Novice: 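Please read through the structure below; I'll follow up with questions.
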Amino acid sequence: MAKNGVIMYYDLLEQLKDFTDEQFGKLTRALLQYDKDSIIPEFNDLQLKLAFKMLKPSIDRNKEDYLSKCEKNRENVLKRW
């Protein structure tokens with residue numbers, strides 16, 4: 001089953017409160033694109049580069065948890081049938 005979303009926590013608002021709307025939008029778009037297609041963005045803005053590097057492990061961890069849960073569910077269905 002394909003993953004159809006990304007988890008973004010509310011504390012992100014506090015962490016990025018000093019970002020402009022443009023920076024916040026670019027980062028959000030990059031995070032979504034990374035989670036969906038594993039495309040690592042190329043930013044000229046140092047703040048965006050650092051924020052992406054800081055948030056990337058969380059996205060990777062959430063994706064790994066999701067895939068692990070899917071695999072466990074698949075195994076449970078196969079045991080049942």
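Model, not experiment: these values are computed from the prediction.
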Novice: Hey, quick one: are Tyr66 and Met8 part of the same hydrophobic cluster, counting side-chain heavy atoms closer than 4.5 Å, chains of contacts allowed?
Specialist: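 Different clusters: Tyr66 never reaches Met8 through Ile, Leu, Val, Met, Phe, Trp or Tyr contacts under 4.5 Å.
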
Novice: Could you walk me through whether Leu46 and Leu50 pass the side chain to side chain contact (heavy atoms under 4.5 Å, CB included) test, one step at a time?
Specialist: CA-CA 6 Å; Leu46 182 59; Leu50 293 174; 4.1 Å; yes

Novice: Among Ile, Leu, Val, Met, Phe, Trp and Tyr joined by side-chain contacts under 4.5 Å, find the other residues sharing a cluster with Tyr9 and list them by chain and number.
Specialist: Ile7

Novice: Are the side chains of Val77 and Arg74 in touch, meaning some heavy atoms are under 4.5 Å apart?
Specialist: no

Novice: Same cluster or not: are Ile40 and Met54 linked, directly or through other Ile, Leu, Val, Met, Phe, Trp or Tyr residues, by side-chain heavy atoms under 4.5 angstrom apart?
Specialist: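 Same cluster.
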
Novice: Is any side-chain heavy atom of Lys63 less than 4.5 Å from a side-chain heavy atom of Ser38?
Specialist: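 With C-beta onward as the side chain, the pair touches.
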
Novice: For a 4.5 angstrom cut-off between non-hydrogen side-chain atoms, does Asn62 reach Val6?
Specialist: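 Answer no - side chains too far apart.
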
Novice: Which is it for Arg61 and Glu64 under the salt bridge (charged side-chain N to carboxylate O under 4.0 Å, His left out) test, yes or no, and what are the steps along the way?
Specialist: CA-CA 5 Å; Arg61 192 170 34 256; Glu64 187 63 36; over 6 Å; no

Novice: Please check if the number of heavy atoms outside Asp37 that lie under 6.0 Å from its CG is greater than 12.
Specialist: yes

Novice: Grab the two heavy atoms, one from Ala51 and one from Leu27, that are nearest each other, plus how far apart they are.
Specialist: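 Where Ala51 meets Leu27 most closely, the heavy atoms are CB-CD2, 3.6 Å.
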
Novice: Give a yes or no on whether Glu42 atom CD has more than 12 heavy-atom contacts from other residues, nucleotides or ligands under 6.0 Å away.
Specialist: no

Novice: Looking only at atom types and distance, does a side-chain atom of Thr28 sit under 3.5 Å from a main-chain N or O of Phe24, one as donor and one as acceptor?
Specialist: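 Indeed, once roles are kept as given, a pair shorter than 3.5 Å links the two residues.
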
Novice: I would like to know whether Lys26 and Glu22 meet salt bridge (charged side-chain N to carboxylate O under 4.0 Å, His left out); could you show each step before the answer?
Specialist: CA-CA 6 Å; Lys26 285 181 180 182; Glu22 182 181 0; 3.2 Å; yes

Novice: For Arg29, enumerate each residue passing the side chain to side chain contact (heavy atoms under 4.5 Å, CB included) test, keeping only those at least two apart in sequence or located in another chain.
Specialist: none

Novice: Quick one: list whatever passes salt bridge (charged side-chain N to carboxylate O under 4.0 Å, His left out) with Asp60, sequence neighbours left out.
Specialist: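 Applying salt bridge (charged side-chain N to carboxylate O under 4.0 Å, His left out) to Asp60 gives Lys56.
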
Novice: So, taking the atom named CG in Leu16 and the one named CD in Gln47, what distance separates them when rounded to the nearest 0.5 Å?
Specialist: 9.5 Å

Novice: Which other residues end up in the same hydrophobic cluster as Ile39, if Ile, Leu, Val, Met, Phe, Trp and Tyr are linked when side-chain heavy atoms come under 4.5 Å apart?
Specialist: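 None; Ile39 is a cluster of one.
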
Novice: Taking only residues two or more places apart in sequence or in another chain, which ones pass ring-ring contact (aromatic ring centres under 6.0 Å, His included) with Phe19?
Specialist: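 Applying ring-ring contact (aromatic ring centres under 6.0 Å, His included) to Phe19 gives none.
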
Novice: Taking Lys49 for the side chain and Asn44 for the main chain, is one N or O donor matched with an acceptor at less than 3.5 Å?
Specialist: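 No, Lys49 side chain to Asn44 backbone: no donor-acceptor pair under 3.5 Å.
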
Novice: With sequence neighbours left out, what residues match Tyr34 under ring-ring contact (aromatic ring centres under 6.0 Å, His included)?
Specialist: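 ring-ring contact (aromatic ring centres under 6.0 Å, His included) list for Tyr34, sorted by chain: Phe52.
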
Novice: Using a strict threshold of under 4.0 Å (side-chain N to carboxylate O), is an ion pair present between Glu75 and Lys72?
Specialist: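 No.
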
Novice: So, Gln23 side chain and Thr20 main chain: donor-acceptor pair closer than 3.5 Å or not?
Specialist: yes

